[in-house]
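One structure is given here, and the rest of the page talks about it.
Treat the numbers as computed from the prediction; the structure is a model and nothing was measured.
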Amino acid sequence: MKVSLNWLKELVNIETIDAKDLANKLTQAGFEVEDIETIKIDDYIDFILDITSTANRSDALSMIGLSREVAALTEATILDSTYSRLIDLKHHKNITISDTSLLDCNSYLSAIIHNTNIVSSPTWLKNRLQSSGFTSQNLIVDISNYIMLKWGQPINIIDFNKIVNIDSENGLEITSRFCSSQQKFIQLENRNIDLSKDILITQINKNIISIAGIGINSKLNVNQNTKSIFIEAAIFKQGIVRRSSKIIGIRNESSIRQERGLNIDNGRNAYIEALSLLIELTGGNISKTFSKKDISSSILNIDISLKKVHNILGPINDNGIIRLLSFEEVRKTLESLQFNITNKDNNSFIVSIPNYRRHDIFREIDIIEEIARVYGYNKFQSSIPKIQFKKKLAHKKQFINKIRSILRNLGLSELVHYSLVKSEESINLNNPLIKDYSALRSSLLDSLIQASAYNIKQSNQTLDGFEIGTVFNIKNNKIRETTKLGIILGGNFDIRSEWSKPAHSLNWYEAKGIVENFFYKLNRTIGWKKRQSSDSNISFIQNKKSATLTYNNENIGLFGEVNQLISSQFGLNTQLFVLEIDLDFLEHSQKELSYLSYRIKPYSKYPSITRDLSIIIPQDMEINYLFKLLDQFNDEELESTKLFDYYTNQSLGKSKKSIGLRFTYRSNNKTLTNLEIDTKQRQLQENITRNLNLEIRK
């Protein structure tokens, strides 16, 4: 809603306020000012505030409602000129319309005015509309738009002579009802609108005047020759207007206000000022008035405790002094919003809710929110509540959090997928919403591979990630739910044997090392054994490049390389390794005690020297077993032995493989020479060939 600052100043005593300061106050109070525009109208500079109000504040869709808020926020007074045009209608004879005639209508006021002279709109009226983003059309439409902007109440004005002859106005019948089968359509906003039985309309002598709460029949618009007009101000039930608006596909200024809820008091004032302007500017006179007897609603009283206000809002910072709100400050804040306060005692009082806030204030907490909003959220001290007790996390939660921390430190990203998958699984839902989510998953690995493939399709790298989630399997004719950990490797790891050498993709031994490092940090000692082809229904893992993981002689999962067929189907151009283990078994197992297996010793200040050696070993020989064999050739100056290469070829012989080992030598007492290292390396080769019966690859 566009709001003119000059117009606001005619309603509220805020002559000295700056537009930016006012915008800041309104925004903090819940009325966001999206923009401030400067315009020039008749040599006067005006600031236009583009204000957005929340759906529960229908009263803010009017200048009267906003002026009330501005007065409360700035501690200013509302000027008497606000109600200066309201006339007294007591001497006019009024006809009461029964409730049965006006269906779903909360309030209704109307009148007939004769001898009107439609002239051009006065300058002040055109300026008001221009500053609010409306275009001047003619005097009658301009008055209707002006009243709606000021009071928030839509006003319908039609040419009375187009439906009723003046001589027969005594038998006037005004009704609102749902459409009948004979009523096909009307013209609204220059469109032919098809009517249905769910649309509420207003009628005069069975002539359709309007779609209730939305707009008037275009055939009855006033023009320069109009001499008699019919004016009505009605408030219809919100749900009825919302439904009609949705059916016909029209949502305008009138329907928005009706849908959010209108105030009967504002509606009456809007109607009276509209009559006053019509009489003043057209020279007409009121012939008859009509109204529906308003149903007197009970006054909503809410008990509020000053202690409750203090407990929720806390203390304020008053120029460096920390204190609580006083009763007078609370009373003054609420009365600035036209809430009536009745004292019960020094610590509690009764608040009577005004009509314009009956739509959104029902509880004590709503009133406390109003106190904070108007007094200023920024004036209250912000503090974190004290925790009275700290609940210890469950052991399983601590265990899973530890796993997450370890894997993130290893450079893996956590992934989350749905527990529901396509209906290829064995556990199907009886009534799935869609086919893609019609079964419970039995493994985490499918989703991890698909996520990696999706990333490649989006021109990204493959994922190095993990997922912790539940899977479902049938065991002994019962559905068993298990928490598992799935890991996928082979995408973003920058593997280098030396800094001077280029990076390469992950191989089996490097992936296995990452997994072993994870279990080492988790303080779990696992075993590796050859995986049987029949021990799992997971077909996308290569049998010859896979292993079953054991813990306390129990199988807990598997590790392996994704086979070439699956890789090509998903467009994967790199080796991928996957791991899936049962966390429930690991978590419930007895905790292991880990002690330091080494002693602190000084770091050698002398440089190291490396030598590489390729050895041909049996295909089924494990690397750990080979390292144990090499350890028997005790050499104090051999600092480390690492695997850096793996090679297979038919030329090596049947069931043979070649591995590359890197030996690092360093002395604590001196710098080793190349001659000394060559001697050590020659002795090592002799031991390997003579004692281990292995072949050195040239």
Side-chain angles (χ1 to χ4, degrees), residues 1-12 14 17-39 41 45-74 76 78-79 82 124-137 141-156 189 213-215 233 235 238 241-242 245 250-263 265-267 269-270 273-274 337-338 356-357 359-360 373-374:
M1 178 179 174
K2 295 184 180 296
V3 177
S4 163
L5 183 59
N6 287 344
W7 193 356
L8 268 179
K9 289 180 178 180
E10 292 184 6
L11 302 175
V12 188
I14 51 170
I17 197 167
D18 180 72
K20 291 184 178 180
D21 292 340
L22 179 60
N24 184 51
K25 288 180 179 293
L26 286 170
T27 299
Q28 289 188 5
F31 303 98
E32 183 179 358
V33 179
E34 297 183 352
D35 188 26
I36 301 177
E37 181 185 357
T38 304
I39 63 173
I41 302 177
I45 300 297
D46 196 2
F47 295 96
I48 308 301
L49 282 64
D50 191 355
I51 300 176
T52 301
S53 64
T54 54
N56 64 312
R57 294 302 305 274
S58 59
D59 60 292
L61 292 175
S62 67
M63 293 300 296
I64 293 297
L66 277 174
S67 65
R68 187 188 298 113
E69 289 293 326
V70 170
L73 295 173
T74 60
I78 295 178
L79 300 176
T82 302
W124 68 267
L125 181 54
K126 292 180 180 179
N127 292 345
R128 284 283 173 266
L129 296 175
Q130 182 182 347
S131 64
S132 300
F134 282 71
T135 302
S136 175
Q137 299 182 40
V141 176
D142 290 353
I143 290 175
S144 176
N145 288 334
Y146 169 78
I147 294 299
M148 182 179 64
L149 287 171
K150 181 175 179 179
W151 295 97
Q153 171 66 52
I155 299 290
N156 290 335
E189 297 183 357
I214 299 177
I235 301 176
Q238 298 164 245
V241 178
R242 187 179 296 110
S245 176
I250 292 179
R251 194 165 187 262
N252 52 25
E253 296 287 343
S254 175
S255 66
I256 290 173
R257 287 166 170 78
Q258 292 275 6
E259 287 177 27
R260 292 192 179 185
L262 296 174
N263 177 16
D265 295 339
N266 278 1
N269 289 334
E273 183 169 356
L337 294 172
Q338 299 181 4
Y356 82 93
R357 296 303 302 275
H359 294 288
D360 69 314
R373 186 179 66 84
V374 176

(request) Answer yes if the side chains of Asn252 and Ser254 hold a donor-acceptor pair under 3.5 Å, and no otherwise. (result) no
(request) Would you indicate whether Lys9, at its atom NZ, is surrounded by more than 12 heavy atoms from other residues, nucleotides or ligands within a distance under 6.0 Å? (result) yes
(message) Let me confirm one number: the CG-CG distance from Leu129 to Leu149, rounded to the nearest 0.5 Å.
(response) 6.5 Å
(request) Decide yes or no on side-chain contact (heavy atoms from CB on, under 4.5 Å) for Ser53 and Leu61, but give the supporting numbers first. (result) CA-CA 8 Å; Ser53 64; Leu61 292 175; 3.9 Å; yes
(request) Determine, step by step, whether Glu10 and Arg128 satisfy the salt bridge (Lys or Arg N to Asp or Glu O under 4.0 Å) criterion, reporting the C-alpha distance in whole Å, the side-chain angles of both residues, the deciding distance to 0.1 Å, and the verdict. (result) CA-CA 12 Å; Glu10 292 184 6; Arg128 284 283 173 266; 2.4 Å; yes
(message) Can a donor-acceptor pair be found, under 3.5 Å and without considering hydrogens, that links the side chain of Ser245 to the backbone of Val241?
(response) no
(request) Kindly state each residue pair satisfying salt bridge (Lys or Arg N to Asp or Glu O under 4.0 Å) with at least one member in residues 45-57, sequence neighbours excluded. (result) Arg57-Asp59, Arg57-Glu69
All N/O donor-acceptor pairs, side-chain side in residues 22-32, below 3.5 Å, sequence neighbours left out:
from, atom 1, to, atom 2, distance (Å)
Thr27, OG1, Ala23, O, 2.8
Thr27, OG1, Val33, N, 3.2

(message) Walk me through whether Ser4 and Asn6 qualify under side-chain hydrogen bond (donor to acceptor under 3.5 Å, both in side chains).
(response) CA-CA 5 Å; Ser4 163; Asn6 287 344; 5.1 Å; no
(message) Run the side-chain contact (heavy atoms from CB on, under 4.5 Å) test on Lys2 and Glu37 for me, step by step, so that the C-alpha distance in whole Å, both residues' side-chain angles and the decisive distance to 0.1 Å come before the verdict.
(response) CA-CA 9 Å; Lys2 295 184 180 296; Glu37 181 185 357; 4.3 Å; yes
(request) Provide the closest heavy-atom pair for Leu262 versus Pro154 in the form atom of the first, atom of the second, distance. (result) CD1-CD, 3.7 Å
(request) To the nearest 0.5 angstrom, please state how far the CD1 atom of Ile17 sits from the CD1 atom of Ile14. (result) 5.5 Å
(message) Please report the interatomic distance CG(Leu49) to CD(Glu34), rounded to the nearest 0.5 Å.
(response) 11.5 Å
(request) State, with a plain yes or no, whether a side-chain heavy atom of Arg260 is found less than 4.5 Å away from one of Gln238. (result) no
(request) Measure the spacing between CH2 of Trp124 and CD1 of Ile41 and express it to the nearest 0.5 Å. (result) 13.5 Å
(request) Please report the closest heavy-atom contact between Gly65 and Ser62, naming both atoms and the distance. (result) N-OG, 3.1 Å
(message) Using 0.5 Å steps for rounding, measure from the CZ atom of Arg251 to the CZ atom of Arg242.
(response) 8.5 Å
(request) Check whether any side-chain heavy atom of Glu253 sits under 4.5 Å from a side-chain heavy atom of Met1, and report yes or no. (result) no
(request) Assign the ring pair Tyr146 / Trp7 to parallel, tilted or perpendicular, where the plane angle (0 to 90°) is split at 30° and 60°. (result) parallel
(message) A side-chain contact here means heavy atoms from C-beta on lying under 4.5 Å apart; do Tyr356 and Asp265 qualify?
(response) no
(request) Could you walk me through whether Glu189 and Ile214 pass side-chain contact (heavy atoms from CB on, under 4.5 Å), step by step? (result) CA-CA 10 Å; Glu189 297 183 357; Ile214 299 177; 5.7 Å; no
(message) Within the 4.5 Å heavy-atom criterion, are Leu11 and Ile78 side-chain neighbours or not?
(response) no
(request) Find the distance between CD1 (Ile147) and CG (Asn266) and round it off to the nearest 0.5 Å. (result) 11.5 Å
(request) Check for a donor-acceptor pair, side chain of Ser67 on one end and backbone N or O of Leu8 on the other, with a separation under 3.5 Å. (result) no
(request) State, yes or no, whether a side-chain contact exists between Trp151 and Glu273 at a heavy-atom distance under 4.5 Å. (result) yes
(message) Using every non-hydrogen atom in the two residues, find where Ala19 and Ile36 come nearest and quote the distance to one decimal.
(response) O-CD1, 4.0 Å
(request) Taking all heavy atoms of Ser136 and all of Asp142, pick out the closest pair and write down the distance. (result) OG-OD2, 2.6 Å
(request) Taking Ser58 for its side chain and Arg257 for its backbone only, find out whether a donor-acceptor pair lies under 3.5 Å. (result) no
(message) Ser131 vs Ile48, test: side-chain contact (heavy atoms from CB on, under 4.5 Å). Steps then yes/no.
(response) CA-CA 7 Å; Ser131 64; Ile48 308 301; 3.8 Å; yes
(message) If you compare all heavy atoms of Ala274 against all heavy atoms of Ile143, which two are closest, and at what distance to 0.1 Å?
(response) O-CG2, 4.4 Å
